[in-house]
Amino acid sequence: MNEQGKPLLVVGGGIAGITAALEAAEAGCQVVLVEKLPYLGGRVVRVHQYFPKLCPPGCGLEINFRRLKNNPRVTVLTQAELESLSGSPGDYEAVVKIAPRHVSPACTLCGACTEVCPGERADEFNYGLSKTKAIYLPHALAYPALYALERAACPPGCRACVEACRYGAIDLDQQPERKTFRVAAVVAATGWVPYDASRLEGLGFGRAPNVITNVMMERLAAPNGPTGGKILRPSDGRPPASVAFIQCAGSRDENHLPYCSAVCCAASLKQAGYVRSLYPEIPITIFYIDLRTPGRLEEFLTRMQGETNVELVKGKVGKVEEEPGSGDLILTAEDVMTGRKTVRKVGLAVLATGIVPRSEGLPAEFARDEFGFLADGAGRTGLYAAGCVRRPEEVAASVQDAAAAALKGLQCVVRSVRHG
Amino acid sequence: MAQALLVQPDTAFIRRVVAAGGGDLKKCMQCGTCSAVCELAPEEAPFPRKQMLEAQWGLKERVLADPALWLCHYCGDCTARCPRGARPGDVMGALRREAVRHFAAPRWLGAAVASPRALLWLLLLPVVIFAALAAWGPKGQATAEMEFANLFPIPALEALFFGVSALVLVLFGWSLNGYLRALRAAGYRAAVLPGLAPALREILAHTRFARCGRHRDQRLGHLLALWGFLGLGLVGTAVGIGTMTGLMRTPLPLGSPFKILANLAAAAILAGVLLLLAVRLRDPERRAAGTYFDWFFLLTLAGVVVTGIAAEILRLVQTPAMYAVYFVHLVLIFALFLYAPYSKFAHLVYRTVALAASGAGRGG
Amino acid sequence: MAKKVGVYLCGGCGIGEALNLARLEKVAQREAKAALVKTHPFLCSPEGVQLIRDDLAAGAVDGVVIAACSPRMKTEAFQFDPRQVLERVNLREHVVWSHPPKDEETQALAEDYVRMGVVKAQKAEPLEPLAEEIARAVLVVGGGLAGLTAALEAAEAGYEVVLVEKEAQLGGFLAGVRERFPAAPPYREPAPDGLRSKIQTVSYHPKIRVFTSARIVRTEGQPGAFQVTIVKDGQSVPVRVGAIVMATGWKPYDPARLAHLGYGVSPDVVTNVELERMAAAGAIRRPSDGRAPASVVFIQCAGSRDPEHLPYCSSVCCLATLKQARYIRRENPEAAVYVIYKDMRTPGQYERFYRAAQDDPLNFFTKGEVTSVERQADGRVAVRVRDTLLGGEIVIPADLVVLAAGMTPNAADGEAIRALEDAEIKMVKGETEAQRAEAARKAEQLQSHKGTEILHLTYRQGPDLPTLRYGFPDSHFVCFPYETRRTAIYAAGAMRAPMDGARAEQDAQGAALKAIQAIEMAVRGQAVHPRAGDLSYPSFFLQRCTQCKRCTEECPFGALDEDEKGTPKPNPYRCRRCGICLGACPERIISFKNYSVDMIASMIKAIEVPGEEEEKPRVLALMCENDAYPALDIAGLNRLSYDASVRVIPLRCLGSLNIVWIADALSRGMDGVLLVGCKWGENYQCHFIRGSELADRRMENVKETLQRLRLERERIQVAELALDESWRLPALINEFVEKIRRMGPNPYKGF
């Protein structure tokens with residue numbers, strides 16, 4: 001019965017959006033999935049391993065991408081954004097703006113274009129820690145499995161890729177287009193962005209190269225990351241002699257993000273594990289206010305507490321200074337349990353930066369709380385939210401959310417059939 | 001610390017601290033950012049995180065005896081960086097006020113100075129004294145020029161101030177005795193006297209102040225005010241002794257080294273106070289800076305200097321208004337002195353003692 | 001069986017340059033007996049695809065083999081009727097992108113793959129989806145917040161709902177709650193419970209049948225057609241449902257075990273649940289004298305985060321304490337509230353609630369470890385705490401002590417109950433005294449599970465969901481929180497994992513969606529996650545069954561029941577199509593139309609094994625389709641090179657490995673067999689639970705075969721590989737082949 005209804009629009013192709021789309025589609029709905037980037041997977045595809053299982057996100061994404069490939073009910077639009085929304089519950093008109101990819105589905109991933117491409121761009125996939133050619137495959141598991149071209153990175157007049165492509169897949173003059181969909185409901189799963197660490201006064205990000213953020217750490221640890229999975233210091237490309245994790249870098253802070261980002265504690269414990277498995281001897285310190293590992297995640301904390309050379313210090317780091325010459329960092333905190341100041345030199349400091357909801361581009365009909373999260377129960381019928389744009393949460397909760405939002409969407413689809 | 005602490009929060013104390021500018025005290029979640037960013041906090045016993053907790057829990061005796069209260073120079077780094085908006089700098093200020101009030105002896109006088117409602121009475125006392133002195137006191141020989149000796153018997157005036165100073169010293173001693181006993185009880189058993197010399201050196205140079213991150217410009221203002229105050233104290237004492245012994249006669253000529261020093265010192269204080277005022281106007285959020293306790297001291301001090309300079313100028317231009325201004329000047333000096341042990345003025349003494357006590361390290 | 005298999009060779013992406021396509025065509029035509037062979041320079045282009053479509057439409061072929069890129073690529077382009085036989089031969093990632101061009105071994109590899117692909121297609125049959133009568137109804141077990149939500153939301157989506165609650169009233173835990181955690185901005189105030197209206201809506205909903213004071217005595221059948229027997233007031237009511245949502249909630253940790261925190265020391269030591277009930281019923285009073293307490297100490301993590309009690313965090317106790325502190329402060333403005341925590345856990349926007357609670361001048365928080373809770377002479381309770389932030393030990397005299405006791409699930413452990421039953425039978429029927437004693441010991445251990453059944457499933461593998469950790473039947477998978485081991489039965493709310501009400505509601509909605517989805521997939525005859533949409537299912541040639549019970553025991557999803565003799569009774573709608581049964585069966589009687597023992601065996605036979613003198617080893621690699629195979633694709637994409645003597649066959653799951661394949665390979669003269677599955681152990685990554693572990697275990701049986709053949713054990717290797725470890729593959733393969741080379745050729749070559 002759900003098949004004849006209007007489609008459900010899912011905005012955001014991260015784990016929440018993919019899941020919402022698939023869950024609704026497998027329940028029988030038509031779905032339009034809109035993603036801003038040239039590939040699906042959002043934040044998780046850039047994560048090395050999930051906590052607490054320490055499994056690669058690619059495993060679940062592979063299953064989800066297979067579900068997508070086999071499910072004709074889902075239409076995936078990448079480099080696309082919801083531009084406007086009008087209408088009423090059960091019958092919205094959504095205008096989607098699609099930026100040119102310049103590479104058509106005829107692309108076979110043969111790679112001939114990249115070989116000849118002279119242009120370069122910062123690789124957002126690696127949070128700018130590396131570069132790609134102007135024409136690039138976002139990553140090996142990319143869905144859709146197509147190259148993309150960042151036109152702005154092309155040298156003027158260059159047509160090298162067009163000439164190299166034997167499949168006529170490249171169109172340098174492709175224009176943006178708009179598509180209009182009549183949809184029964186909208187699920188916003190636009191996810192989050194890491195808090196801008198350069199705004200964290202005194203913590204050295206942007207000034208000291210060896211102060212990195214937790215999302216960068218994921219890339220450094222990932223085998224397909226800029227360092228091939230070796231955690232190396234940005235300043236000199238050498239392994240760090242010690243690593244510190246600075247929790248609540250922005251979160252639980254009235255000057256930055258007054259809420260708790262919910263996942264950073266478990267994320268840092270996990271990343272401490274990355275460091276531990278690569279460098280079994282080096283000291284690791286985690287500076288925290290409260291360790292927040294709810295439910296089963298507690299085990300993860302217990303395990304890390306049992307590791308040798310891992311120290312958990314209750315006390316927030318106030319200052320990070322770079323030692324001239326060595327690139328090492330001097331951290332100052334109060335060890336609250338002993339009531340003494342602790343000043344330590346570390347080789348690499350990881351800021352556990354928090355989750356900022358990406359809700360600014362969404363239509364005003366979506367109700368937001370003071371932090372920009374899409375508040376519960378305040379939205380209109382037919383408009384739902386899932387994942388970190390709804391509240392800061394871990395992957396499993398985002399996926400749960402997505403299934404819940406899919407049901408709300410499904411209800412609208414069913415009603416749209418009943419009421420025509 | 002073998003003995004477990006029996007928790008009995010002094011809730012009235014918590015409310016007083018809240019009222020005295022520590023309104024965000026309870027917001028503190030004990031992250032320790034404040035202690036980490038404080039450039040003045042020593043490694044072994046950093047502040048103000050611990051003091052925040054003790055204040056939150058109403059542990060009055062413990063927190064008020066903590067020398068750390070006086071090691072804080074109210075730079076504002078902690079407040080700016082506090083993730084909870086608990087404004088630890090302001091809380092420390094409020095705790096200092098509470099300490100002054102707590103150790104005040106006699107207690108009633110401390111309470112009176114702390115209360116805006118008693119202000120009138122506190123000022124009435126010198127007004128009556130000086131009015132009486134002006135009305136009945138023996139005057140010097142009338143001169144052609146208008147001078148203050150025409151209004152007051154100067155040697156009697158000086159004697160009065162010497163008497164007040166002596167009384168203030170006694171009161172300070174009395175209050176400090178309580179403070180010292182509390183310090184001892186809290187485990188700061190080291191001798192204070194040997195620590196005084198380094199403490200004084202530190203205070204005169206304001207080296208700790210220089211470490212402040214924010215509000216570093218406070219240092220200059222504070223330094224000017226301190227040195228000006230010391231200069232005036234020196235001149236005042238010398239001239240007082242001089243006039244009482246008949247070796248000197250006021251007004252001193254403008255070219256007199258004493259006069260020059262006095263004028264320089266007054267100018268220094270004025271400049272210092274104006275600088276300090278400018279700093280706090282720039283940061284209107286500083287709550288402790290907005291309390292009566294704070295303003296009482298600052299305005300009295302400013303008043304003393306401004307009326308002093310005004311009286312001098314009026315005297316030089318020979319306007320009868322000089323008498324009225326001088327009268328106010330004397331009233332303010334009296335208030336500044338006599339109430340010193342209970343006003344913010346007391347920080348000069350408490351900080352010195354605390355520095356000396358903590359410089360010797362925590363005993364026990 | 002596909003009689004007319006068409007082979008479509010693609011010459012694009014370097015395949016045409018690296019391989020001799022004409023020779024490949026010949027191999028397909030002459031050796032593999034393809035009905036038709038065509039080559040196209042760009043097969044995934046619309047023209048290329050049309051070529052295939054035309055042949056299918058014309059009836060020229062009834063099975064298609066596409067020899068081009070990986071089956072993971074261009075899936076949408078090469079989509080025909082899903083029932084049709086379609087086989088993909090990976091000439092790109094696995095051949096030309098990872099081996100030298102115009103090389104004899106590379107060519108041989110491609111030729112083998114074409115032979116294997118063609119024979120697999122020839123053996124495959126078109127799919128005929130299951131098509132039974134499916135009940136579009138959902139059973140919801142538990143009438144608390146999660147259950148009410150699941151029922152309501154499923155009904156609102158148009159499905160019939162049967163709601164079963166064991167108590168006389170709906171509402172569950174929430175019925176005894178005064179207020180709920182903040183639900184809306186600015187998240188500073190608790191929210192009203194809103195339960196009454198939800199109960200009303202559910203009670204009068206035309207699509208929901210509510211059974212209170214009722215329980216389930218039997219659940220049989222399979223997804224789409226569960227026959228559930230509900231007993232209410234002594235009456236049996238049969239209902240037919242398509243899927244089940246379990247939302248049986250939680251119970252507080254047994255406070256009798258919290259004596260070390262003072263429970264029982266004084267009536268004035270209560271649990272947070274007891275306090276909540278008191279608050280909901282009226283005012284908070286000291287149980288001892290009925291007076292309003294002036295000093296209340298909350299002890300957090302009472303039982304939780306404690307290896308002696310509950311090793312996990314109960315997730316809600318910090319919030320519950322903040323809420324309850326507020327009750328106390330509201331009722332008595334002079335009362336002081338102390339909170340002794342390990343870590344304050346107020347995630348997300350709940351942080352605002354913590355801050356709001358802190359603002360209260362008479363709330364006192366400190367981290368600390370409670371060392372003793374004792375009754376004082378004056379009747380008050382002294383709480384002694386060490387390691388506080390105050391820098392030492394403190395003693396707080398309290399009028400009331402509240403233990404923030406944790407959550408335990410109201411779940412039954414289906415597998416444990418089954419094990420208990422087995423042990424009880426063995427206690428009597430065990431063959432030796434030792435066996436009977438061992439069984440008695442086991443039964444003793446499992447006694448606590450006795451009579452805990454909720455669903456009473458008639459499954460061979462136990463009457464309820466299996467649990468994951470600590471008795472919670474949670475999903476093992478981060479990306480798939482509803483990946484259940486009992487198809488179409490989903491757990492939601494606090495019985496699944498410790499969670500607060502808001503999350504339980506969300507979870508219940510998610511579970512309702514999954515239930516609806518399971519029904520819709522059943523209607524279409526499709527498998528659910530992780531092989532969502534698969535139309536194949538196993539069939540059993542039972543005449544040859546020896547009742548060995550391996551399949552029924554090893555099926556991770558309890559799809560196979562047994563009759564008294566031990567003959568498997570398949571329930572295809574429960575099946576997840578992993579093929580583990582196929583791998584387990586020694587008689588090879590289980591097969592899918594597109595995946596069978598014979599099919600893979602035929603592929604192995606299609607591999608051309610060079611003679612001993614040629615010194616070209618041949619290695620069979622059986623790889624997990626979800627992790628290892630994609631990893632090998634990525635290795636190709638990254639142009640990583642490895643030995644060309646390996647022939648890869650993807651398996652649905654390494655657990656579907658039938659050891660006969662290994663015997664076939666070795667007896668045909670192949671020199672080694674490499675098995676690559678996903679990671680196993682505690683954090684296993686197998687979506688069929690134990691696939692690669694089972695395969696590893698089956699290798700024990702292979703030992704005999706090897707001994708019989710007088711072959712070295714090292715000719716077989718089992719490896720674990722995660723999807724992101726493609727960089728490891730070349731070394732893994734090369735080292736294995738190198739080892740085989742050193743061992744010398746298989747002596748059975750040429751037989």
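All heavy atoms count here, side chains included; hydrogens, waters and symmetry mates do not. Order of the sequence lines fixes the chain letters, A, B, ..., with proteins taken first and strands second; residue numbering starts at 1 for each chain. This is a predicted model, so every value here is computed, not measured.
- Side-chain contact check for C:E351 versus B:M29: some heavy-atom pair is nearer than 4.5 Å.
- Contact detail for B:R49 and C:L389: the closest heavy-atom pair is NH1-O, 3.5 Å.
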Side chain to side chain contact (heavy atoms under 4.5 Å, CB included) for C:L362 and B:R15? Distances and angles first, verdict last. CA-CA 10 Å; C:L362 295 188; B:R15 292 197 172 106; 4.1 Å; yes
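- The contact between B:L59 and chain C is made entirely by side chain atoms (from C-beta outward), counting heavy-atom distances below 4.5 Å.
- Heavy-atom neighbours of C:R257 CZ from other residues, nucleotides or ligands within 6.0 Å: at or below the threshold of 12.
- Distance check, rounded to the nearest 0.5 Å: CD of B:Q56 to CZ of C:F365 gives 9.0 Å.
- Between the CG atom in B:L6 and the CD1 atom in C:I396 there is a gap of 9.5 Å [rounded to 0.5 Å].
- Heavy atoms closer than 4.5 Å to chain B are found nowhere in C:R386, neither backbone nor side chain.
- The two residues B:K26 and C:D360 come nearest to each other via the heavy atoms CE-O, 3.1 Å.
- Proximity to chain B (any heavy atom under 4.5 Å) is shown, for C:F364, by both the backbone and the side chain.
- Closest non-hydrogen pair, C:P361 versus B:I14, comes out as O-CD1, 4.2 Å.
- Contact detail for C:P397 and B:V7: the closest heavy-atom pair is CD-O, 3.5 Å.
- Scanning both residues, B:R62 and C:L390, for their nearest heavy atoms gives NH1-O, 2.8 Å.
- Looking at C:T366, the atoms closer than 4.5 Å to chain B (heavy atoms on both sides) sit in the backbone and in the side chain alike.
- The two atoms that bring B:R84 and C:Y354 nearest to each other are NH2-CD2, 3.1 Å, heavy atoms only.
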